[in-house]
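Taking it in order: structure first as structure tokens, then the write-up.
All of these numbers come straight from a predicted model, not from anything done at the bench. Excluded from the calculations below are hydrogen atoms, water molecules and symmetry mates; all remaining heavy atoms, backbone and side chain alike, are included.
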Amino acid sequence: MRRLALLVYLLLAVAIFSSTWVNPTGSWIGSPKDPQLFIWYLGWIPHELSLGHNPLFTDYLCYPPGVNLMWNTSMIFPAVALWPVTALFGPVVAYNVLITAGIALSAWFGFLAAQRFIHPLLSLLAGLLYGFSPGLIAQALGHPHVVLSLFPPIALLLGHEVLVRRHMHPVAAGALAGVAAALQLLTGEEVLAVTLLITAIGAALLALLDRDSVRAALPHASKAVAAATVVFTILVAYPLWFQFFGPQQVSGNVQATDVYVSDLLAFVFPGWLMHFTGNATENDAFVGLPLLLLFATGLILGRDRPWVRWSGLMAVAIAVLSLGPHLHVNGQVTPLLMPWAAIEWLPLMGSALPSRLMVIGFLFFGIVVAAAYGLALGSTRAWRFWGGALLAAGLISIFPPLPYPSAQAAAPQFFRAGGGVERIAPGSVVLVTPFSSKESTDAMYWQATANYRFRMPEGDAFTPGPYLGPHPSFMQSTLDELDAGQSVTVTPEVRTLFVADLQAHGITAIVAGPSKGRAAIVDFLTQVEGSPPDDSGGVKVWWQLN
């Protein structure tokens with residue numbers, strides 16, 4: 001049954017992303033911007049490890065100070081695991097494998113966790129609702145570090161083992177938990193942090209519902225926690241030291257507060273009927289009325305089963321936390337304070353996005369819905385009919401519109417093998433436009449396509465400040481304005497300031513790539529340099545700067 005479940009989930013994931021899999025080397029799953037960032041990481045980590053370099057730091061972005069990659073979603077563990085795929089087929093294919101396998105494996109681990117509570121066939125449904133939830137499908141637009149949500153069901157499995165089942169030796173269970181947490185840290189720290197938060201809430205809720213059982217499990221749990229702490233510390237001591245004591249460490253919250261939250265109406269209405277303060281990728285809460293009714297039915301029919309009550313309360317608690325610090329209704333921020341307002345002051349929570357909590361919420365939601373359907377099947381004909389009808393309507397309502405978004409993996413010939421980039425000395429500093437920061441990641445993808453031949457003064461990465469991208473400069477603001485359609489007059493003062501930034505960053509060449517403002521950028525740079533660029537492989541190049 002386990003192999004069959006994995007096969008079903010994998011085939012369904014490939015079917016949903018089939019618009020990309022018809023050409024996996026020439027396109028990637030999701031939106032045009034964010035995937036390029038992760039494609040860069042999937043290539044960079046193996047590239048540096050193969051050279052014997054430290055993969056946790058790079059000065060190939062935001063040169064000269066560089067970037068501490070532990071403060072960014074560098075996905076070290078997935079990049080290493082997919083190294084053979086990257087080596088054989090390139091980072092674009094590796095990215096497509098990561099998104100597809102992330103959805104399928106998340107569903108499969110959700111299935112394994114659900115088996116602790118319900119029948120395997122019903123667990124197949126629970127895993128489906130978790131791995132293919134609107135939350136994870138939305139995150140597949142460009143956030144593979146969230147899509148690969150294996151740790152939440154693993155935490156549920158091990159938490160149940162330690163606190164309830166107690167068949168494994170506590171040290172063995174704790175060691176497994178430590179390894180899983182360490183691998184999650186090297187995949188995405190946000191998922192690790194919020195999973196640990198939800199684990200603590202779950203343990204506290206279990207103690208309220210069944211105090212005697214939890215009290216009896218405390219000695220066993222204490223040994224498991226100690227073992228998990230030791231193993232986790234050993235495995236991640238250096239990466240964490242590098243993050244907090246290495247170069248270019250970031251302090252403060254790296255995300256805007258009270259923006260990326262679940263809207264109150266989002267649980268019932270699909271995104272195209274609503275307004276959000278966030279964006280489509282973070283619209284993770286849609287459940288739909290049919291599945292909400294089935295969820296409520298499960299709570300009613302299964303009220304005499306402790307695990308149904310616990311799972312239902314966990315789902316509700318997570319949904320409430322996902323609303324963020326203030327209640328949002330159809331994109332309007334109300335003054336009503338929500339529980340997250342107290343939690344966001346905890347360490348690491350200020351940089352977490354509350355809307356993403358619903359990714360984990362669907363794990364508990366799926367278990368209750370699957371249990372409700374199972375209870376309906378064992379009840380009267382009317383219950384069977386309405387249970388089946390609600391389930392069918394609910395699955396149809398949450399199924400993603402097809403074809404799923406796919407973006408072309410387009411890089412100018414200049415950056416490809418045999419292109420003009422090979423005229424640039426390895427390790428040189430090159431300014432590439434459009435300037436890569438929070439506005440664009442094109443240059444990062446082109447740099448990866450060129451096998452990291454050159455450094456850049458730019459990059460979509462968190463740096464001290466915190467800033468998303470390099471520290472603000474006259475050069476960056478000017479290029480951003482030009483690319484946005486604004487005019488910039490080349491006065492002597494403007495030229496002096498721009499040239500000073502070129503010199504401060506050690507830039508030896510400029511490449512103007514395709515962008516909406518390239519004509520204005522080329523005209524500006526021609527005036528600054530005093531000479532026109534060369535045409536080379538779809539880009540404009542100033543090989544040597546005056």
Side-chain angles (χ1 to χ4, degrees), residues 36-37 40 44 48 53 57-69 71-72 247-250 414-415 420-421 423-448 450-484 488 490-513 515 517-518 520-531 533-534 539-546:
Q36 296 185 121
L37 167 67
W40 192 94
W44 175 258
E48 288 299 276
H53 297 166
F57 179 80
T58 181
D59 64 356
Y60 273 62
L61 300 176
C62 302
Y63 185 87
V67 175
N68 187 323
L69 295 184
W71 279 103
N72 291 272
Q248 290 297 94
Q249 55 190 274
V250 178
F414 175 86
F415 296 101
V421 72
R423 287 181 54 184
I424 295 175
S428 299
V429 184
V430 178
L431 172 63
V432 181
T433 68
F435 196 91
S436 184
S437 61
K438 62 181 179 180
E439 304 298 334
S440 171
T441 54
D442 290 350
M444 291 181 65
Y445 174 61
W446 300 338
Q447 186 187 39
N451 198 30
Y452 310 97
R453 186 175 183 88
F454 55 86
R455 293 175 168 86
M456 299 192 300
E458 53 203 285
D460 184 17
F462 286 109
T463 58
Y467 296 104
L468 184 53
H471 281 208
S473 66
F474 181 80
M475 175 178 67
Q476 176 183 348
S477 62
T478 300
L479 293 173
D480 285 346
E481 289 172 8
L482 291 166
D483 209 37
V488 178
V490 184
T491 64
E493 181 184 9
V494 166
R495 185 182 186 280
T496 298
L497 291 172
F498 196 90
V499 169
D501 275 349
L502 293 176
Q503 294 174 339
H505 289 87
I507 294 167
T508 60
I510 301 176
V511 177
S515 71
R518 181 165 74 167
I521 290 173
V522 170
D523 180 66
F524 173 85
L525 291 173
T526 298
Q527 294 183 62
V528 169
E529 286 300 306
S531 61
D534 289 343
V539 301
K540 306 286 187 179
V541 188
W542 287 265
W543 298 102
Q544 293 180 337
L545 304 187
N546 295 326

Trace of the side-chain contact (heavy atoms from CB on, under 4.5 Å) decision for V499 with V528
CA-CA 8 Å; V499 169; V528 169; 3.9 Å; yes

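- Here CZ of F414 is found 10.0 Å from CG of D534. Values are rounded to the nearest 0.5 Å.
- Between W44 and T58 there is a side-chain heavy-atom pair separated by less than 4.5 Å.
- Here the shortest heavy-atom pairing between A425 and S428 reads O-OG, 2.7 Å.
- What you find for P457 and H505 is that their closest heavy atoms are CB-CD2, 3.6 Å.
- Contact check for W446 versus V539: no side-chain heavy atoms found under the 4.5 Å cut-off.
- With hydrogens and angles disregarded, a donor-acceptor distance shorter than 3.5 Å links the side chain of Q248 to the backbone of G66.
- Listed here is the closest heavy atom pair of V250 and W71: O-CZ2, 2.8 Å.
- Two residues are said to be in side-chain contact when any heavy atoms from C-beta on lie closer than 4.5 Å; T508 and L545 fail this criterion.
- Closest of all the heavy-atom pairs between P247 and N68 is O-ND2, 3.0 Å.
- Looking at residues two or more places apart in sequence or on another chain, you find no side-chain contact (heavy atoms from CB on, under 4.5 Å) involving T496.
- Without hydrogens or angle criteria, Q447 side chain to Y60 main chain gives a donor-acceptor distance under 3.5 Å.
- Sorted by first and then second residue, the pairs that involve residues 458-469 and meet salt bridge (Lys or Arg N to Asp or Glu O under 4.0 Å), not counting sequence neighbours, are K33-D460.
- The side-chain contact (heavy atoms from CB on, under 4.5 Å) search around N451 returns H47, not counting sequence neighbours.
- Residues meeting the salt bridge (charged side-chain N to carboxylate O under 4.0 Å, His left out) test with D59, sequence neighbours left out: R455.
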Using side-chain contact (heavy atoms from CB on, under 4.5 Å), reason through Q527 and D523 one step at a time and then give a plain yes or no.
CA-CA 6 Å; Q527 294 183 62; D523 180 66; 3.1 Å; yes

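- Among residue pairs with one or both ends in residues 429-446, none qualify as salt bridge (Lys or Arg N to Asp or Glu O under 4.0 Å); sequence neighbours excluded.
- Contact between S436 and M444 at its shortest, heavy atoms only, is OG-CG, 3.3 Å.
- Applying the side chain to side chain donor-acceptor pair (under 3.5 Å) test to every pair with at least one member in residues 464-483, sequence neighbours left out, gives these pairs: D483-S515.
- Side-chain contact between V511 and T433 is absent, with no heavy-atom pair separated by less than 4.5 Å.
- Side-chain atoms of W542 come within 3.5 Å of backbone atoms of S531 as a donor-acceptor pair (strictly under, hydrogens ignored).
- Contact of the L525 side chain with the F498 side chain is registered, since non-hydrogen atoms from C-beta on lie closer than 4.5 Å.
- Between the CG atom in L61 and the OG1 atom in T463 there is a gap of 10.5 Å [rounded to 0.5 Å].
- The aromatic ring centres of Y452 and W40 sit less than 6.0 Å apart.
- Nearest heavy-atom pair, G469 versus C62, reported as atom, atom and distance to 0.1 Å: C-SG, 4.1 Å.
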Stepwise, does the side-chain contact (heavy atoms from CB on, under 4.5 Å) test hold for F524 with V494?
CA-CA 10 Å; F524 173 85; V494 166; 3.8 Å; yes

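- Distance check, rounded to the nearest 0.5 Å: CD1 of I507 to CG of L431 gives 4.5 Å.
- Judged by distance alone, with hydrogens and angles left aside, the side-chain atoms of D501 form a donor-acceptor pair with the main-chain N or O of M475 at under 3.5 Å.
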